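Structure first, commentary second.
Bear in mind that the values here come from a model prediction, so they are computed numbers and not experimental data. So that the names make sense, note that chain A is the first sequence line, chain B the second, and so on, each numbered from 1.
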Number of protein chains: 2
Amino acid sequence: MEKMSFGQILEEKGLKKTKVRMALLHHFLQLKHAQSYNDLQLALKNEIDKSTLYRNLTSFEQAGIIHRINDHSGTSKYAFGELPKGGQDHAHFVCENCETVYCMEVSTPLQLNVPKGFKTKNVQTIIKGICSKC
Amino acid sequence: MEKMSFGQILEEKGLKKTKVRMALLHHFLQLKHAQSYNDLQLALKNEIDKSTLYRNLTSFEQAGIIHRINDHSGTSKYAFGELPKGGQDHAHFVCENCETVYCMEVSTPLQLNVPKGFKTKNVQTIIKGICSKC
DNA sequence: AACATAAATGCAACGTAGTTGCATTTAAAA
DNA sequence: TTTTAAATGCAACTACGTTGCATTTATGTT
């Protein structure tokens, strides 16, 4: 269970083991930070059709292989790993300078006093600031 | 200072008191929840030009009359009132059913352990769940 | 009140992110 | 090997938002 091949990951999720998916997965496992559609196209040398890439990002997200991040830039970014469900322990740091998106953990659950009658299912936090490289 | 007319609000911010802005402001003060561009157009009977509306939303945001919310839906929403700067005390609740966006307060500052070298400037939180009406 | 001026408006055209329909190809089960 | 459903590629399209430019309007000055 520790180390799974790309093929095993796809198989486990009931996704066909195609060339496009293997290439995509390869890049997601290598890249540290969240990637935009354009980042991925560049990394994959524009060899993948636009709709195919978007459709695979959607499939991967639904399968819990990646998660989608909305960092207020107007375009979504995607990062390896599933977003914990009902979890209050995931946040994204967006560097205002280099625009890199980092996934990070929140130490203590957020204390959120939602009014009576409101049911919290999921909390997502965007932290904006300057990263260690900038 | 308690009750300010629309005109006073605009004057205070150095914005010209135009018909479009008065109408926009009127609706923002009436409407409880965050509004999308489309919500506003509908409320204003499509009498305002698209670019004029977007430009005014930008001006209002810069003037601190409204704030822009990214609810992860792909389109921005706008709500009356300024977003506290560097503040960790504002969060937005998005109903997964009716998609209404509520502004809410966070009781205690969020405990976010950003790694060494990362400087936090701003924290924005989206709470997803079901609202009291649904 | 009339004028001057800078800002606001409306229109059209554009840009970018993402989606959809459909014909063709491919993975994988029979 | 054959079959079949899913994946791909292409083109056209939608949605959100922006930009350039000519015209109009709010407001400060004479």
Distance from [X] atom [atom1] to [Y] atom [atom2], nearest 0.5 Å?
{"X": "Ile9(A)", "Y": "Phe6(A)", "atom1": "CD1", "atom2": "CZ", "value": "7.0 Å"}
{"X": "Lys17(B)", "Y": "Leu10(B)", "atom1": "NZ", "atom2": "CG", "value": "8.0 Å"}
{"X": "Tyr78(B)", "Y": "Asp39(B)", "atom1": "OH", "atom2": "CG", "value": "11.0 Å"}

* Residue mapping more 5' on DNA chain C - nearest nucleotide basis, Lys50(B) or Gly14(B) -> Gly14(B)
* **Annotated protein contacts, base or backbone, on nucleotides 25-30 of chain D with a non-hydrogen cut-off under 4.0 Å, one of B, S, - each** => -BS---
[X] has an atom [atom1]; how far is it from atom [atom2] of [N], in whole Å?
{"X": "Leu53(B)", "N": "dT9(C)", "atom1": "CG", "atom2": "P", "value": "10 Å"}
{"X": "Met22(A)", "N": "dA27(C)", "atom1": "CE", "atom2": "P", "value": "11 Å"}
{"X": "Tyr54(A)", "N": "dT14(D)", "atom1": "OH", "atom2": "P", "value": "18 Å"}
{"X": "Leu10(A)", "N": "dA7(D)", "atom1": "CG", "atom2": "C1'", "value": "12 Å"}

* Lys/Arg N to Asp/Glu carboxylate O, Glu96(A) vs Lys128(A), below 4.0 Å -> no
* Which of residues 56-72 of chain B sit near DNA chain C, with a heavy atom under 4.0 Å from it? -> Asn56(B)
* Asked: What parts of residues 28-49 of chain A reach DNA chain D, counting only heavy atoms under 4.0 Å away?
  -> Asp49(A)
* To do: Considering just the side-chain nitrogens and oxygens of Ser76(A), establish if one lies under 4.0 Å of OP1 or OP2 belonging to dG18(C).
  => yes
* Determine: side-chain N/O of Arg21(A) to OP1/OP2 of dA7(D), distance under 4.0 Å, yes or no. => yes
* Any N/O donor-acceptor pair, Arg55(B) side-chain to dG17(D) base, under 3.5 Å -> no
* Identify the heavy atoms of Ile48(A) and Gln41(A) that sit nearest to each other, and give their distance. => O-NE2, 2.9 Å
Are the side chain of [X] and the backbone of [Y] linked by a donor-acceptor contact shorter than 3.5 Å?
{"X": "Thr120(B)", "Y": "Asn122(B)", "value": "no"}
{"X": "Gln30(A)", "Y": "His27(A)", "value": "no"}
{"X": "Lys13(B)", "Y": "Ala63(B)", "value": "yes"}
{"X": "His67(A)", "Y": "Gly81(A)", "value": "yes"}

* Asked: Is the gap between the ring centers of Phe118(A) and Tyr102(B) under 6.0 Å?
  -> yes
* Is Thr52(A) touching bases, backbone alone, or none of the nucleic acid, heavy atoms closer than 4.0 Å? -> base
* To do: Indicate, with a heavy-atom threshold strictly under 4.0 Å, whether Thr75(A) touches base, sugar-phosphate, or nothing.
  => sugar-phosphate
* To do: Ignoring hydrogens and angles, state whether a donor on the side chain of Thr75(A) or Ser36(A) is under 3.5 Å from an acceptor on the partner side chain.
  => no
